[in-house]
Amino acid sequence: MPGTHPIKHFLQFSDFSLDEFEHVFQRAAVIKRKFKAYEVYHPLVDRTLVMVFEKSSTRTRLSFEAGMHQLGGAAIYLNTRDSQLGRGEPVEDAGQVMSRMCDIIMVRTFGQDIIERFAANSRVPVINGLTNEHHPCQVLADIFTYVEHRGAIAGKTVAWIGDANNMLYSWLQAAEVFGFHLNIATPPGYDIEHDRVETGRFTIFSNPSDACAGAHLVTTDVWTSMGYEKENAARLEAFDGYIVDSAKMARAAPEALFMHCLPAHRGEEVSADVIDGPQSVVWDEAENRLHVQKALIEYLLLGRVTE
Ligand code: CP
Ligand code: NVA
């Protein structure tokens with residue numbers, strides 16, 4: 001039941017222009033206000049979201065599923081174990097079939113190539129709910145959260161401490177779109193791959209504390225992402241000293257915020273006093289996944305709603 005709106009996917013952060021993000025943020029603020037006021041907003045009656053999970057999730061599943069219900073639609077959860085995807089059905093065939101039965105699809109998987117092949121065979125919009133390479137919905141929520149707390153992010157400095165993972169590559173794409181700077185500190189052997197980066201808006205630091213100096217936002221993530229569990233012991237050793245603790249936060253700007261996409265490991269990538277402290281906005285950040293993704297779904301299915 002594809003709609004009449006031209007198909008657009010959100011497979012990585014750079015798929016949207018600044019103008020599109022500004023629209024989505026403006027709608028996210030409206031949709032959030034309605035939610036807080038218990039105002040019924042059902043623009044997606046009879047529309048169905050299919051969510052395909054090849055990796056675990058708490059926030060992504062909950063925010064997409066609850067969000068779709070709150071917009072008046074339905075959400076269906078599929079995972080690798082219980083669907084034919086886990087028994088080798090080609091992703092191209094899955095894209096064809098799912099997109100004939102539903103209106104929009106979210107996929108959480110391993111390689112970015114998998115979601116690209118899925119989208120190439122889909123008649124309906126496909127949203128990246130995390131791949132090894134990107135996590136655009138999370139950075140969408142993070143920037144919305146920054147703007148809510150501190151205003152425009154353009155011209156600001158964001159410190160990324162830790163692994164050069166999916167989150168960092170989405171932050172790098174966001175830096176180019178929104179015009180902010182990234183201070184990056186990753187341990188030796190876990191640095192960014194420069195041929196995957198299409199912006200010059202970053203500086204690499206060998207000392208994670210120096211990367212935090214003057215930053216307006218300090219952010220980190222797990223040292224071992226999903227799919228890399230076998231490397232956990234080596235990573236624990238390599239990332240020693242990369243914890244975001246109060247000493248590093250003290251180097252940041254006085255009004256600096258702390259973010260983490262969660263789930264977090266207190267005592268590894270972040271100390272308990274930082275993640276549970278006054279500069280941390282991790283719960284707002286998590287909640288905002290709901291609001292920004294509702295606005296994203298609205299935009300992908302209905303275009304630029306104005307009201
Ligand atoms: N931050 C995030 O995507 O969380 P989940 O893995 O719980 O979905
Ligand atoms: N980088 C993490 C994010 C989890 C939400 C992972 O990919 O596991």
Side-chain angles (χ1 to χ4, degrees), residues 10-13 49-68 75 77-80 105-115 127-146 158 160-174 182 184-187 190-193 196 217-232 234-236 238-239 242-244 258-266 268-270 275 280-294 296-297:
F10 188 53
L11 303 183
Q12 50 186 303
F13 206 86
L49 165 74
V50 169
M51 306 180 294
V52 179
F53 281 92
E54 300 213 78
K55 292 174 176 171
S56 304
S57 172
T58 298
R59 278 146 289 270
T60 303
R61 177 178 177 181
L62 186 55
S63 53
F64 272 105
E65 190 164 337
M68 197 63 191
Y77 170 81
L78 295 177
N79 64 32
T80 312
I105 299 169
M106 186 238 83
V107 178
R108 169 169 285 197
T109 187
F110 293 89
Q112 183 74 10
D113 62 303
I114 299 172
I115 199 168
I127 298 171
N128 183 343
L130 183 147
T131 56
N132 292 347
E133 289 84 357
H134 299 283
H135 197 3
C137 290
Q138 182 67 56
V139 174
L140 188 67
D142 293 3
I143 294 176
F144 182 75
T145 306
Y146 184 87
V158 176
W160 175 271
I161 311 300
D163 191 21
N165 64 13
N166 42 14
M167 282 294 298
L168 175 54
Y169 285 100
S170 289
W171 272 111
L172 280 160
Q173 291 191 341
L182 274 168
I184 299 172
T186 53
Y190 295 89
D191 346 75
I192 55 169
E193 294 167 33
R196 285 179 53 197
L217 167 62
V218 178
T219 185
T220 187
D221 187 12
V222 292
W223 290 341
T224 304
S225 286
M226 291 180 281
Y228 299 84
E229 288 79 4
K230 282 191 191 128
E231 301 175 13
N232 196 37
R235 283 170 171 270
L236 275 175
F239 284 74
Y242 282 74
I243 187 169
V244 176
F258 172 78
M259 289 190 195
H260 188 311
C261 67
L262 306 175
H265 299 77
R266 288 169 176 76
E268 291 186 18
E269 73 274 8
V270 61
I275 195 169
S280 172
V281 290
V282 295
W283 312 130
D284 291 340
E285 187 188 354
E287 178 191 323
N288 280 334
R289 291 288 302 278
L290 175 71
H291 310 303
V292 297
Q293 288 163 194
K294 285 167 75 177
L296 174 66
I297 292 170

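As the structure is a computational prediction, the values presented were derived from the model and not from experiment. Both counts, for ligands and for their atoms, begin at 1 and track the order of listing.
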Are any non-hydrogen side-chain atoms of [X] and [Y] less than 4.5 angstrom apart?
X: Met51; Y: Arg108; value: no
X: Pro187; Y: Trp223; value: no
X: Ile143; Y: Val292; value: no
X: His135; Y: Phe13; value: no
X: Trp283; Y: Leu262; value: yes
X: Asp221; Y: Trp160; value: yes
X: Asn132; Y: Tyr228; value: yes

Exercise. Looking at atom 8 (O) of ligand 2, what's its closest protein heavy atom, distance included?
Worked result: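 That would be Met226 N, 2.8 Å.
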Problem set entry | Proximity to ligand 2 by part of Thr60, non-hydrogen separation under 4.0 Å |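 Neither part.
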For this session: For Asp191, check side-chain hydrogen bond (donor to acceptor under 3.5 Å, both in side chains) against everything at least two apart and list the hits.
Result: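 Not a single residue meets the side-chain hydrogen bond (donor to acceptor under 3.5 Å, both in side chains) criterion with Asp191.
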Problem set entry | Check: Met226 N/O within less than 3.5 Å of ligand 1 N/O |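 By distance alone, the answer is no.
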For this session: Could you tell me whether Cys261 and ligand 1 have an N or O pair separated by under 3.5 Å?
Result: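 Between Cys261 and ligand 1, an N or O pair is found under 3.5 Å apart.
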For this session: Taking only heavy atoms of Thr58 into account, list the atoms of ligand 1 that are under 4.0 Å away from them.
Result: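 Selected atoms, number and element: 5 (P), 7 (O), 8 (O).
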Problem set entry | Distance filter under 4.0 Å to Arg289 heavy atoms, resulting ligand 1 atoms |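 Ligand 1 atoms under the 4.0 Å threshold to Arg289: 1 (N), 2 (C), 3 (O).
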For this session: Select one of side chain, backbone, both or neither to describe which atoms of Leu130 lie under 4.0 Å from any atom of ligand 1, heavy atoms only.
Result: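 For Leu130, no heavy atom sits under 4.0 Å from ligand 1.
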For this session: Select one of side chain, backbone, both or neither to describe which atoms of Arg61 lie under 4.0 Å from any atom of ligand 1, heavy atoms only.
Result: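 Neither part.
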For this session: May I ask you to list the atoms of ligand 2 that are less than 4.0 angstrom from any heavy atom of Leu262?
Result: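 By the 4.0 Å cutoff, the relevant atoms are 5 (C).
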Exercise. Against heavy atoms of Leu130, which atoms of ligand 2 measure under 4.0 Å?
Worked result: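 Matching atoms, with element in brackets: 3 (C), 4 (C), 5 (C), 7 (O).
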Does an N or O from [X], backbone or side chain, lie closer than 3.5 Å to an N or O of ligand 2?
X: Asn166; answer: yes
X: Pro263; answer: no
X: His135; answer: no

Problem set entry | Proximal candidate to atom 3 (C) of ligand 2 [heavy atom criterion; set Asp221, Asn165, Asn132, Val222] |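 Looking at heavy atoms only, the winner is Asp221.
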Problem set entry | Option of least heavy-atom distance to atom 6 (O) of ligand 1 (set: Lys55, Arg59, Arg108) |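 Answer by nearest heavy atom: Arg108.
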Exercise. Cation-pi between Arg196 and Tyr169: NZ/CZ under 6.0 Å from ring centre and within 45° of the ring axis?
Worked result: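 Positive - Arg196 is close enough to the ring of Tyr169 and near enough to its axis.
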For this session: Could you tell me if any non-hydrogen atom of Asp163 lies under 4.0 Å from any atom of ligand 2?
Result: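 No, Asp163 has no heavy atom closer than 4.0 Å to ligand 2.
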Problem set entry | Shortest non-hydrogen contact between Val270 and His260, atoms and distance |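 Heavy-atom minimum between the residues: CG1-CD2, 4.2 Å.
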